[in-house]
Peer 1: 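One structure is given below, represented as structure tokens, and several questions about it will come after.
Naming: A, B, ... by sequence-line order, numbering from 1 per chain. All figures in this text were calculated on a predicted structure; none of them were measured in a lab.
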Amino acid sequence: MTIIRTPADEAEARAVQDELRARVVLDEPGPPPGTGLVTGVDVAYDDERDVVVAAAVVLDAATLAVVEETTATGRVTFPYIPGLLAFREIPTVLSALESLENDPGLVVCDGYGRAHPRRFGLAGHLGVLTGLPVLGVAKNPFTFSYDPPGDRRGDSSPLVADDGEEVGRALRTRHGVKPVFVSVGHRISLDNACAHTLALARDFRLPESTRRADALCRRALREATA
DNA sequence: GCGACAG
DNA sequence: ATCTTGTCGC
């Protein structure tokens, strides 16, 4: 089991991000879309009862069929602070991933990777800690600006940082529906991350991996809380 | 100093 | 994230 120490405060958390960011690998294309396994991870909270449940759902990338599901329960160890989301989610997510029998393959998580104030969001953090290829798909653009992509499925527009770097992409996964926001976490290219997202979001706006993980951790939280 | 701000 | 019913539409 991987032991993760929770930072004592915001300053320490930011220092950890600055240190780990150097270990992100950005020059690998990543696995080809539609082959092998893809694992979605998500977390649900009950701050009142101080309970957090993470879910990991392994899918066959070609058929989107569920191959394996796991769940992990923990305590809330860090508050939600924009830019520091990873410290709140990662301990329990790691537990869920480690309890899988299958190799997770490509991991898809909620939130961002490169598209982060310090270029080190949840997806990058999870990638560095596990060594796995990881990409992030968020429902909101966080602090980055973008021009609306075209209306057709597959259309995209760059998410640009202040320094001009394309840190992610607004990607239209459904005709005329609000785009999702894709960014690279670890060991995958942005082009490939978008291709994977599109393949996974075959029937809905969000990738099947995150939809399944979201449903599972919510159900597990209800059952753990009831 | 104030507001914005992934989940 | 979470609090939450019905409702419009494919």
Peer 1: Salt bridge or not between A/R114 and A/E165? Use side-chain N to carboxylate O under 4.0 Å.
Peer 2: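 Salt bridge: yes.
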Peer 1: Base, sugar-phosphate, or nothing for A/Y45, non-hydrogen atoms under 4.0 angstrom?
Peer 2: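 It contacts sugar-phosphate atoms only.
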Peer 1: Does a side-chain N-to-carboxylate-O contact under 4.0 Å join A/D18 and A/R119?
Peer 2: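 A/R119 and A/D18: not salt-bridged.
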Peer 1: Look at atom CG of A/D147 and say whether more than 12 heavy atoms of other residues, nucleotides or ligands are closer to it than 6.0 Å.
Peer 2: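 No.
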Peer 1: Look at all strands and tell whether A/G83 reaches a base, only sugar-phosphate, or nothing, counting heavy atoms closer than 4.0 Å.
Peer 2: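 Base contact.
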Peer 1: How close or far is atom C1' of C/dG9 from atom NE2 of A/H175, stated in whole angstroms?
Peer 2: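 It works out to 16 Å between those atoms.
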Peer 1: Return the value, rounded to whole Å, for the distance between atom CD1 of A/I81 and atom C1' of C/dA1.
Peer 2: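 After rounding, the gap between these two atoms is 15 Å.
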Peer 1: Is it true that A/D214 and A/R211 have a side-chain N and a carboxylate O under 4.0 angstrom from each other?
Peer 2: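 Salt bridge flag = no for A/R211 with A/D214.
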Peer 1: What is the first contacted nucleotide of DNA chain B and what is the last, in 5' to 3' order, if contact means an atom lying under 4.0 angstrom from a heavy atom of chain A?
Peer 2: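 Contacts span B/dC5 to B/dG7, reading 5' to 3'.
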Peer 1: Looking at every strand, decide which applies to A/L84 at a 4.0 Å heavy-atom threshold: base, sugar-phosphate, or nothing.
Peer 2: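 Base, at least one base heavy atom under 4.0 Å.
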Peer 1: State whether A/R5 and A/E12 are salt-bridged, where the test is any N-O pair (Lys NZ or Arg NE/NH1/NH2 against Asp/Glu carboxylate O) under 4.0 Å.
Peer 2: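 Salt bridge flag = yes for A/E12 with A/R5.
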Peer 1: So does A/R218 pair up with A/D42, basic N to acidic O under 4.0 Å?
Peer 2: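 Result for this pair is no, no salt bridge flagged.
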Peer 1: For A/D47, answer base if it contacts any base atom (sugar-phosphate contacts may also be present), sugar-phosphate if it contacts only those atoms, and nothing otherwise; contact means non-hydrogen atoms under 4.0 Å.
Peer 2: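 No contact.
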Peer 1: May I have the distance from A/R222 (atom CZ) to C/dA1 (atom P), rounded to whole angstrom?
Peer 2: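 A/R222 atom CZ is separated from C/dA1 atom P by 15 Å.
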Peer 1: Contact class for A/A44 vs. all strands (heavy atom < 4.0 Å): base, sugar-phosphate, or nothing?
Peer 2: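 Sugar-phosphate, backbone atoms only, no base.
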Peer 1: In whole angstroms, how far is the P atom of C/dC3 from the CZ atom of A/R49?
Peer 2: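 The distance from CZ of A/R49 to P of C/dC3 comes to 11 Å, rounded to the nearest Å.
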